[in-house]
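Read the structure below first, then the notes.
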Amino acid sequence: MIEKDKRVQHKGYLNWVASLACINCGIKDETIVAHHLKGCYAPLSGGMGRKANDYFTMPLCFKCHDKLHKGDEDLRETQPYRIMQTLDRAFKEKIIRFEI
């Protein structure tokens, strides 16, 4: 039997991402969620019945999240860049720390 890679989960990081403004439209309200990378860069974006790792997320409001899941190509194609922006901010704000 081939084992699946274990997905990295971090609820604290997801909560922090959801506290940011929408990376697409800039709105900051109670509808912001941490959107997981979807539809590109498999298997990093999950796969059959799987989500991407929690660090591969970006903040989206309900409307933008809905647009992405309904096939908005611009949003889908910019996911990797926007996730990198979110990760960059997390490192700068010391939400994620790297030590050797």
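Under the 4.5 Å side-chain heavy-atom criterion for grouping Ile, Leu, Val, Met, Phe, Trp and Tyr, I95 is connected to F56 within one hydrophobic cluster.
Expressed to the nearest 0.5 Å, how far CG of L37 lies from CG of D54 amounts to 12.0 Å.
When all heavy atoms of P59 and V17 are compared, the pair lying nearest together is CB-O, 3.3 Å. Taking both residues in full, the closest heavy atoms of C22 and C64 are given as SG-SG, 3.7 Å, listed atom of the first, atom of the second, then distance. Nearest heavy-atom pair across A18 and A34 is CB-N, 4.3 Å. K38 approaches H69 most closely through the heavy-atom pair CD-CE1, 3.2 Å.
Applying the side chain to side chain contact (heavy atoms under 4.5 Å, CB included) criterion to D72, with sequence neighbours excluded, gives K67, D74, L75. Looking at residues two or more places apart in sequence or on another chain, you find a side chain to side chain contact (heavy atoms under 4.5 Å, CB included) between Q85 and I23, Y81, R82. Applying the ring pair (Phe, Tyr, Trp, His ring centres under 6.0 Å) test to H36 and every residue at least two apart in sequence or in another chain returns nothing. For E30, the side-chain hydrogen bond (donor to acceptor under 3.5 Å, both in side chains) criterion is met by no residue, not counting sequence neighbours. The side chain to side chain contact (heavy atoms under 4.5 Å, CB included) check on F91 picks up I96, F98, with sequence neighbours excluded.
Side-chain contact between L20 and I32 is absent, with no heavy-atom pair separated by less than 4.5 Å. Side-chain contact between L68 and M58 is present, with heavy atoms from C-beta onward closer than 4.5 Å.
When atom types are taken as modelled, the side chain of D29 and the backbone of T31 share a donor-acceptor pair closer than 3.5 angstrom. A donor-acceptor pair under 3.5 Å is absent between the side-chain atoms of R89 and the main chain of T86, judged by distance alone.
Sorted pairs that involve residues 9-20 and meet side-chain hydrogen bond (donor to acceptor under 3.5 Å, both in side chains), not counting sequence neighbours, are lacking altogether.
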